[in-house]
Each structure stands twice: as C-alpha cells, then as structure tokens.
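Lettering follows sequence order; numbering is per chain, from 1.
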Amino acid sequence: MSTIPDPVAAPSEVLPRRQSRVWRKFRKNKAALLGGILVAFFVIVALLAPIVPIPGPTETDWGAVRKAPSVAHPFGTDEIGRDVLSRMIWGARASLLAGVVSVGIAVCIGVPLGVLSGYLRGWTDASVSRVTEALLAAPFLILAIALAAFLGPSLTNAMIAIGLSAVPIFIRLARGQTMAVMTEDYVESARAIGLTHIALITRYILPNIVPPILVQGTLTIATAIIAEASLSFLGLGQQPPAPSWGSMLNVAKNFLEQAPWMALYPGAAIFLVVLGFNLLGDGLRDALDPRDH
Amino acid sequence: MLAFIGRRLLIAIPTIILISVFVFTLQKLLPGDPVLVMAGEERDPEVLAYLREQYRLNDPIIVQYFTWIGNALRGDLGISLRTQQPVLELIRQKLPVTIQLATMALIIAIVIGVPAGVLSAYKKGTWIDWVANIVALSGLSVPNFWLGIMMILLISVQLGWLPASGYQPFSDDPLGSIRTMLMPAFVLGTGIAATLMRHTRSAMLSVLSSDYIRTARAKGLAERVVLVKHALRNAMVPIVTVTTLVFGELLAGAVLTEQIFTIPGFGKLVVDAVFNRDYAVVQGIVLCTGVAFIFMNILADVAYRILNPRMRDE
C-alpha cells in the first residue's frame with residue numbers, strides 16, 4: 001500500500017529548529033529569565049517542603065505566640081505559635097497546585113471545545129460561542145466566588161471553581177487560533193488529499209495552537225494563584241489549619257499592629273510567584289511571536 | 001449608529017438568557033434540599049411543605065426556571081434569607097457605595113496609567129520605559145488585598161494619615177467620604193492603572209511610528225503638540241475601549257477591597273451572602289453583574305465606533 005506524502009512538511013518536522021530559535025530568544029530576555037528563576041525557586045521550595053528541617057506547618061508552640069522574626073523562627077510565629085516560614089513553604093504547595101490544576105481543568109475543557117468550535121463552525125460554533133460569551137460576562141472572581149460558595153469551601157472546590165471560570169478564555173483562544181490555522185495553505189492541501197478530521201486536528205491544528213495556549217496558560221496560572229489566594233483570604237479556599245498564603249493573610253489582617261510580619265511574608269510570596277509567572281508568560285509570548293523572526 | 005446599537009442589543013438577548021440559565025443552575029448545584037437550608041433548625045414537615053409550596057419547588061424544573069426568570073424580569077429577584085429584604089432593594093442600597101469606590105479607582109487608574117504609558121512609549125528603550133514596565137507588571141502581580149493590608153499598616157497604623165476602615169456617604173460629607181475612600185480606591189485602581197499603562201504604551205507605540213506623526217514633526221511642530229494633539233488623540237481609541245472593559249475587574253476587585261476596608265458595598269454584600277448561604281442574593285448579584293457587563297461591552301463597542309471614524313462608515 002502506498003503512503004500519501006504530506007502536502008507540506010508537518011509542523012513536527014520543523015519543531016527542533018524552531019525550538020532552538022525560541023530558546024535563544026528566550027535566553028536573551030533577562031526579565032523572562034528572572035521570571036523562570038522565580039517560578040523554579042517556588043517549585044523547588046514546594047517540592048522540598050517535607051524534607052526541610054523546620055517545624056511542621058500545624059505544630060503550635062504556646063510559648064512562642066506572635067514572636068517577631070528570630071534565628072529560631074526566621075519569619076516569626078503566628079497567633080497560635082506556628083512557624084510562619086514553615087506555613088509559607090507548605091503554603092507554596094497549595095498555591096502552585098491551585099494554579100496548575102485549575103489551569104489544567106480550563107485547558108482540558110476549553111481547548112477541545114474551542115478547536116471543535118473553530119473546526120466545525122456552523123451550529124456547534126454558534127452554540128459554543130454563545131455559552132462562552134455568557135460565561136465571560138460574569139467577572140472571573142465573582143464567578144469563582146459564586147461557584148465556590150455553591151460547591152462548598154475547600155481547596156479542591158476552589159480549584160474547580162477557578163478552573164471552570166477560566167474555561168471561556170481557552171475556548172475563545174483555541175477557537176480563534178483554529179480558525180486562523182484553517183485558512184493556511186498547508187491545511188487546505190491536507191484537506192484536499194482527504195486526511196481524516198482527527199488526523200487534520202492532531203497533526204496540523206493542535207501543534208500550531210500550542211504556543212499561544214502555552215503563553216495564555218502561563219499567564220492564567222498567575223491569575224489563578226491570585227484567585228486561589230483571594231478565595232482562601234475570603235475563607236472559601238484552603239481550610240484551616242492547612243496552610244495557604246491567602247488564609248494566612250486573612251488571619252494576619254487581625255494582628256497588623258501586634259504582628260505585621262504575619263502579613264508581610266505570605267503577601268510578598270504571592271506577589272513574587274505571580275510576578276514570576278507574568279514575566280515568564282510575557283517572555284514566552286515574545287519568544288514565540290513569529291512576527292519577530 | 002442606532003441600527004448598530006439595535007443589532008448589538010439583539011445579539012445580547014441569547015447571551016442574557018444563557019446567563020440566567022447558568023445562574024438558575026447554580027442553585028440546583030447545591031447539595032441537599034434547599035428547603036432544609038431555608039428552614040434552618042426548623043424541621044417541622046408542615047413548615048417544609050409550606051416552604052416547598054411557597055418557592056414552587058414541587059413544580060417541574062423548567063416551570064421553576066420560567067417562574068424565576070418571569071419574576072426577575074419584573075424586578076423580583078427573591079427575598080434575602082438573612083435580612084428578609086428584597087434582593088433588588090439590597091443591591092440598590094449597596095451599589096452606590098461601590099460605584100463611588102469604582103469611579104474613584106478608575107480616576108486614579110487613568111491619572112497614573114495613561115501618562116505613564118505615554119511616557120513609556122515616548123522614551124521607548126530607555127530606563128524610564130524599563131522602570132514603567134516593571135512597575136506596571138508589579139501592579140498586575142500584586143494581590144490587591146495584600147496591598148490594602150500593607151497600606152493600612154503604613155498609612156493608617158504607622159503614619160496615621162488616613163482612616164483604616166469605615167464609610168461616609170458622599171451626600172453627608174463629600175470631603176470626609178473622599179478621605180475614607182482614597183486608600184481603598186488607590187488599592188483597587190493599581191491593577192487597572194497597570195492594564196491601562198500597558199495598553200496606552202502599545203497604542204502610542206503604534207501611533208508614534210505612523211507617517212502622519214513623521215509629517216507633523218517634519219513640519220516643525222513642538223514635540224508636546226505632536227505627542228498630545230496628534231499621537232495621544234489617536235491612541236485614545238483603544239484606551240477608551242479598555243477603560244470601558246475594566247468594569248468586571250473593578251467589581252471583582254471591589255469584593256476584596258471592601259472586605260479589607262470594611263466598606264458596606266456590593267462586594268461586601270456578595271461575601272456576606274456567601275457566608276450566610278443567602279443564595280437568592282448570590283444569584284441576584286451574579287445575574288445583575290452579568291447583564292451589566294454585557295451592557296458595558298455594548299458601550300465599549302459604541303465608544304469604539306464613535307471614536308474611530310473608519311468604523312462608523314462601515
């Protein structure tokens with residue numbers, strides 16, 4: 001049986017060349033590198049949490065309630081004598097997990113729907129687009145708060161709520177990208193030689209929409225981390241005594257005069273990790289932008 | 001233009017219907033029997049049956065939806081379980097507070113964001129551009145509830161310049177009201193200033209490289225005139241559009257800002273409703289926000305067409 005040659009070089013064949021060009025551009029961008037370093041730092045901290053020789057995040061010491069930073073407790077202690085540094089290190093897990101899982105949910109639901117919508121057009125597109133518009137009409141955090149309220153307060157439900165709220169962003173992006181790719185000559189040729197829908201989508205459309213999804217995913221992780229911290233701050237995310245940066249800030253606001261360090265460090269951690277993802281996302285966008293080549 | 005507005009309003013109808021379906025479904029997501037939640041400690045079967053009848057929960061779900069949406073269209077969004085007040089009345093009471101906060105935040109954002117964007121584009125590649133970009137990205141990355149806490153710590157606790165919380169109606173004491181709202185408005189406006197700065201910079205960069213700006217400079221016009229009268233005027237199109245679209249961001253930000261500064265507005269109403277399992281209020285708020293957001297989108301489109309003559313001719 002003879003095999004039909006590809007109408008043009010499949011995107012996968014030009015990937016290695018493109019990857020090295022993207023990497024070169026990315027490496028030159030100092031802000032993006034700084035973002036990458038910040039993200040890597042927090043990921044390593046979150047992974048090493050169980051082996052770092054510090055008190056447990058829920059271990060209380062009634063003799064050291066609201067103690068200022070010292071050698072024994074570098075970031076001080078909280079209102080019931082727990083080590084703030086330890087809670088921050090363990091809290092990094094909740095924040096990063098929430099960012100990655102909720103964006104994972106949004107990508108897994110949003111991208112297939114967006115691709116189908118852009119590929120099939122017609123009624124599928126009209127229906128998906130109307131639902132997307134309706135979901136986009138409710139502000140991200142209000143939607144997440146409403147969903148978290150109805151699902152019940154917990155980290156898992158907060159991640160589901162944030163993920164579902166972010167779905168329309170990915171539907172819209174994947175739909176737009178698919179429609180753009182569909183007009184390319186190589187897709188036209190591939191259709192002309194009778195490639196199946198599945199083959200067309202997996203070999204030509206998906207590889208071409210990965211870069212913008214990657215950029216949007218990175219930037220949405222930043223938004224999702226803030227959203228998780230916001231929900232936990234409101235008491236709708238991670239539940240006590242489990243540590244989370246948002247819930248630490250919720251308690252800390254009641255002790256601003258007596259123990260300002262309780263508020264300073266968790267907030268700074270959220271800021272740095274979100275800044276890291278934003279810098280990384282901006283850098284990836286610049287590096288992957290074909291107009292600059 | 002009227003035909004355009006009419007068309008946009010028509011397109012908005014299915015979206016509004018979908019939002020209402022979504023908001024209605026939210027209540028159905030609630031685990032367990034909503035009547036048990038409403039009845040609280042009261043488990044008398046007669047009371048439960050009365051509540052079921054009163055809220056028409058025995059009707060088929062489709063009938064329930066049409067009853068609910070019919071009432072909503074007449075301005076009846078239900079009764080708050082906590083305060084026993086009509087939901088629309090509650091929203092009407094709290095909304096002016098949030099509108100004042102959002103307006104002040106938007107003014108602060110425009111005053112900071114637009115000039116910073118213009119300067120950053122004009123000085124592209126210099127340290128000014130670099131600093132403006134870093135500040136903008138930091139503004140986008142800082143959680144506004146943390147910024148609020150830090151500002152209370154510095155400005156209220158340490159320096160004692162502004163009150164840490166509270167609210168005074170604008171009609172009672174305009175100056176006192178502005179004073180209490182200044183810090184929350186700054187906190188809420190930071191992220192939006194960053195968004196505006198980035199959009200202004202990008203719009204100005206594209207305008208500054210156009211031919212007519214080169215011509216204006218070649219004619220010997222003063223740089224200030226070129227920048228403000230020629231460049232900024234054209235760059236205003238995307239800036240105004242973005243300003244209209246930050247409505248959602250303002251409302252979401254208000255939820256947290258009002259919580260930190262104990263401002264009795266729309267955002268605090270949402271949070272209190274969530275914690276008191278006052279679902280009629282949560283539903284009412286999501287529905288009103290969604291519909292308002294759609295109208296803001298239409299307003300953005302209209303503003304875009306008014307400001308851009310080429311769009312008007314299409």
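- Taking 4.5 Å as the limit, every side-chain heavy atom of B/P143 sits out of range of all side-chain heavy atoms of A/F233.
- Heavy atoms closer than 4.5 Å to chain B are found nowhere in A/N250, neither backbone nor side chain.
- Residues A/I226 and B/S141 share a closest heavy-atom pair of CD1-O, 3.5 Å.
- For A/L264, the parts lying under 4.5 angstrom from a heavy atom of chain B are both the backbone and the side chain.
- Proximity to chain B (any heavy atom under 4.5 Å) is shown, for A/A222, by neither the backbone nor the side chain.
- Distance check: B/S156 OG to A/L256 CG gives 9.5 Å after rounding to the nearest 0.5 Å.
- Between the CD1 atom in B/I16 and the CD atom in A/E133 there is a gap of 11.0 Å [rounded to 0.5 Å].
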Dump the intermediate steps for side-chain contact (heavy atoms from CB on, under 4.5 Å) on A/F271 and B/S138, then the final yes or no. CA-CA 8 Å; A/F271 169 64; B/S138 303; 3.8 Å; yes
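- A 6.0 Å sphere centred on CD of A/Q258 holds more than 12 heavy atoms belonging to other residues, nucleotides or ligands.
- At least one donor-acceptor pair under 3.5 Å links the side chain of B/W146 to the backbone N or O of A/A263.
- Ranked by heavy-atom pairs under 4.5 Å with chain A, the first of B/R198, B/Q283, B/Q158 is B/R198.
- Only the side chain of B/V157 has a heavy atom closer than 4.5 Å to any heavy atom of chain A.
- For chain B, the nearby parts of A/A268 are the backbone and the side chain; heavy atoms of each come within less than 4.5 Å.
- Looking at A/M262 and B/I149, their side chains never come closer than 4.5 Å, going by heavy atoms from C-beta outward.
- Contact count versus chain B (heavy atoms, under 4.5 Å) is highest, among A/G235, A/A252, A/S129, A/A144, for A/G235.
- The candidate with the highest count of non-hydrogen atom pairs below 4.5 Å against chain A, out of B/L137, B/V274, B/I294, B/V286, is B/L137.
- The shortest distance between side-chain heavy atoms of B/F275 and A/L236 falls below 4.5 Å.
- Heavy atoms of B/L250 lying under 4.5 Å from chain A are absent altogether.
- Top candidate by heavy-atom pairs under 4.5 Å with chain B, chosen from A/L136, A/L279, A/L234, is A/L234.
- For the atom pair B/I19 CD1 and A/R130 CZ, the distance stands at 12.0 Å (nearest 0.5 Å).
- The distance from the OG1 atom of B/T289 to the CD1 atom of A/I142 is 5.0 Å, given to the nearest 0.5 Å.
- For the atom pair NZ (A/K253) and CD (B/Q259), the distance works out to 6.5 Å, reported to the nearest 0.5 Å.
- Atom-to-atom distance recorded for B/L140:CG and A/L275:CG is 9.5 Å, nearest 0.5 angstrom.
- When all heavy atoms of A/P260 and B/L153 are compared, the closest pair comes out as CB-CD2, 3.6 Å.
- A/L249 is listed as a side-chain neighbour of B/F145, based on a closest heavy-atom distance under 4.5 Å.
- Between chain B and the residues A/V273, A/I225, A/L141, the most heavy-atom pairs under 4.5 angstrom are made by A/L141.
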